[in-house]
Amino acid sequence: MRLYTFPDDRPDPRATREDCFFTSLNFFSVLADTNFLDSAYSRRILSSDYRPVTGPPSFGDLVVLVDSRGDGIHACVFIVEDFVFTKNGVNHLQPWVIMKMADLFTYFPSEHPVRVVVFRRKEL
């Protein structure tokens, strides 16, 4: 629903606060859970409702870039092969897009090593 749109296009004034974690954790939701605007809530749900996976990602898995301290600096949703659905930053000039995973590192350069962790929703 948000693909190739901008936050300013949305009638909800909170749309400009929707970041990569909000976007990724709401990927399968019909109605967005605005609690994901709170980073502490997002971290708690990621920890309780998702598990890290090894091996290749599957459609809908969360791909999280993690810094050397173990903090998530970006999240996106795996679509297929090397493509992800993402919102790059809390910026009204950044649309929701599909992009290559390899290109994410150009958006999120780091002086410290960044690793990729794939999370899959636990069966409820």
Mutual orientation of the aromatic rings belonging to F27 and F59 [parallel < 30°, tilted 30-60°, perpendicular > 60°]: perpendicular
Value rounded to 0.5 Å, distance of SG in C20 from CG in L25: 9.0 Å
V77 vs F28 side-chain heavy atoms within contact, under 4.5 Å: no
Contact check, side chains of H74 and V114, non-hydrogen atoms, under 4.5 Å: no
Distance, nearest 0.5 Å, that separates CG of L46 from CZ of F119: 4.5 Å
Pairing of R120 and D61 as salt bridge, 4.0 angstrom limit: yes
Side-chain donor/acceptor of N26 to backbone N/O of F22, under 3.5 Å: yes
Min side-chain heavy-atom separation L62-Y50 under 4.5 Å: yes
Side-chain touch F36/F21, heavy atoms, less than 4.5 angstrom: no
Inter-residue atom distance I73.CD1 - L104.CG, 0.5 Å rounding: 10.0 Å
Close side-chain approach of V116 and V63, heavy atoms under 4.5 Å: yes
Heavy-atom closest contact (D82 atom, A102 atom, distance): OD1-N, 3.7 Å
Side-chain heavy-atom pair F78, M101 within 4.5 angstrom cut-off: yes
K122 side chain vs S48 backbone, donor-acceptor pair below 3.5 Å: yes
Side-chain donor/acceptor of T23 to backbone N/O of K87, under 3.5 Å: no
Heavy-atom pair of closest approach, residues T86 and A75: OG1-O, 4.1 Å
Straight-line distance of R44 CZ to D38 CG, nearest 0.5 Å: 7.0 Å
Heavy-atom pair with the smallest gap, counting every atom of V64 and G72: CG1-CA, 4.0 Å
Separation between CG of N35 and CD1 of I45, rounded to the nearest 0.5 Å: 8.5 Å
Close side-chain approach of F83 and K100, heavy atoms under 4.5 Å: yes
Heavy-atom pair of closest approach, residues R51 and V53: NH1-CG1, 3.1 Å
